[in-house]
A.B. asks: 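A single structure is presented below for examination.
Since the model is a prediction, treat every value here as computed from it, not as a measurement. Residue numbers count from 1 along this sequence.
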Amino acid sequence: ETKDDFVTAARTTHMKYEGYDYLARIITPVTADVAIVNARARLRVRTGDEREEVVVQFLMVWKKEDGAWHFVSHQSSRLPATVKPWAVAT
């Protein structure tokens, strides 16, 4: 999927997200007002009559302003469907 394909699908609501399941999720507080979320998820999407599962890895930045958390930034990449959750060091 190219960037143009993604933007077109998002603008035309051609692709509908039906649900998701996290494969892994790590929330890292950077400060009291900033947190980073690094995650992998399996998305269930529908395009017209076709349904498929897509695995993505993403990074999100959240910032707390006036007592509420706000979504600041997002980056995601599609992964092979066979990808496994990563091991988390403790």
Side-chain angles (χ1 to χ4, degrees):
E1 177 178 57
T2 67
K3 180 180 176 182
D4 288 340
D5 293 338
F6 177 81
V7 170
T8 298
R11 284 186 179 152
T12 63
T13 64
H14 183 65
M15 181 185 292
K16 303 272 187 190
Y17 292 90
E18 296 185 327
Y20 65 92
D21 297 302
Y22 283 111
L23 300 175
R25 180 173 59 171
I26 301 169
I27 301 171
T28 306
V30 178
T31 67
D33 296 332
V34 175
I36 294 173
V37 178
N38 190 340
R40 285 186 182 173
R42 186 174 314 276
L43 310 177
R44 291 178 301 282
V45 298
R46 181 173 46 90
T47 306
D49 292 333
E50 291 185 37
R51 289 192 166 132
E52 70 175 313
E53 288 191 348
V54 178
V55 178
V56 296
Q57 181 163 328
F58 56 92
L59 176 70
M60 299 185 314
V61 178
W62 290 81
K63 183 174 182 182
K64 192 174 188 180
E65 293 178 340
D66 300 323
W69 286 97
H70 300 275
F71 185 56
V72 176
S73 182
H74 175 267
Q75 185 278 324
S76 64
S77 298
R78 189 171 182 165
L79 300 173
T82 57
V83 73
K84 304 277 191 242
W86 63 81
V88 177
T90 58

A.B. asks: Would you mind listing every ring pair (Phe, Tyr, Trp, His ring centres under 6.0 Å) that reaches into residues 28-54, with sequence neighbours excluded?
C.D. replies: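 Residue pairs passing ring pair (Phe, Tyr, Trp, His ring centres under 6.0 Å), neighbours aside: none found.
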A.B. asks: What pairs with Tyr20 under side-chain contact (heavy atoms from CB on, under 4.5 Å), at least two apart in sequence or on another chain?
C.D. replies: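 Counting only residues at least two positions away or on another chain, Tyr20 forms a side-chain contact (heavy atoms from CB on, under 4.5 Å) with Tyr22, Leu43.
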A.B. asks: Ser77: which residues meet the side-chain hydrogen bond (donor to acceptor under 3.5 Å, both in side chains) condition with it, sequence neighbours left out?
C.D. replies: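 Applying side-chain hydrogen bond (donor to acceptor under 3.5 Å, both in side chains) to Ser77 gives Gln75.
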A.B. asks: Would you list the pairs meeting ring pair (Phe, Tyr, Trp, His ring centres under 6.0 Å) in which at least one residue belongs to residues 30-51, sequence neighbours left out?
C.D. replies: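 Not a single pair qualifies under ring pair (Phe, Tyr, Trp, His ring centres under 6.0 Å).
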A.B. asks: Under the rule for side-chain hydrogen bond (donor to acceptor under 3.5 Å, both in side chains), what residues qualify as partners of Asp21, not counting sequence neighbours?
C.D. replies: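 In terms of side-chain hydrogen bond (donor to acceptor under 3.5 Å, both in side chains), with neighbours along the sequence ignored, Asp21 is linked to Arg44.
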A.B. asks: Please report the shortest heavy-atom distance between Trp69 and Asp33, naming the atom on each side.
C.D. replies: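 Closest heavy-atom pair between Trp69 and Asp33: CZ3-O, 3.6 Å.
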A.B. asks: For residues 30-52, which residue pairs qualify under ring pair (Phe, Tyr, Trp, His ring centres under 6.0 Å), counting only residues two or more places apart or in two chains?
C.D. replies: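 As it turns out, there is no ring pair (Phe, Tyr, Trp, His ring centres under 6.0 Å) pair with a partner in residues 30-52 once direct neighbours are skipped.
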A.B. asks: For Thr28, check side-chain contact (heavy atoms from CB on, under 4.5 Å) against everything at least two apart and list the hits.
C.D. replies: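 Here the qualifying residues are Ile26.
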A.B. asks: Would you kindly confirm whether Phe71 and Ile27 end up in one hydrophobic cluster when ILVMFWY residues are joined by side chain heavy atoms under 4.5 Å apart?
C.D. replies: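 Shared cluster, yes.
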A.B. asks: Just verifying a value: how many Å separate Met60 CE and Ile36 CD1, rounded to the nearest 0.5 Å?
C.D. replies: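 Spacing of CE (Met60) from CD1 (Ile36) equals 11.0 Å.
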A.B. asks: Using the side-chain hydrogen bond (donor to acceptor under 3.5 Å, both in side chains) criterion, which residues pair with Glu52? Sequence neighbours excluded.
C.D. replies: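 So Glu52 forms a side-chain hydrogen bond (donor to acceptor under 3.5 Å, both in side chains) with Arg78.
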A.B. asks: Over all heavy atoms of both residues, which pair between Pro80 and Val55 is shortest? Give the atoms and the distance, please.
C.D. replies: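 Closest approach of Pro80 to Val55, heavy atoms only: O-CB, 4.0 Å.
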A.B. asks: Considering residues at least two apart in sequence or located in another chain, which fulfil the salt bridge (Lys or Arg N to Asp or Glu O under 4.0 Å) criterion with Lys63?
C.D. replies: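 Here the qualifying residues are Glu65.
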A.B. asks: Report the C-alpha distance between Asn38 and Gln57 in whole Å, list the side-chain angles of each, state the deciding distance to 0.1 Å, and finish with yes or no for side-chain contact (heavy atoms from CB on, under 4.5 Å).
C.D. replies: CA-CA 8 Å; Asn38 190 340; Gln57 181 163 328; 3.9 Å; yes
A.B. asks: Specify the closest pair of heavy atoms between Phe58 and Ser76, including all atoms of both residues, with the distance to one decimal.
C.D. replies: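 Of all heavy-atom pairs spanning Phe58 and Ser76, the closest is CB-CB, 3.7 Å.
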A.B. asks: If only atom types and distance count, is the side chain of Thr31 paired as donor or acceptor with the main-chain N or O of Val34 below 3.5 Å?
C.D. replies: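 Judged by distance alone, yes, a pair lies under 3.5 Å.
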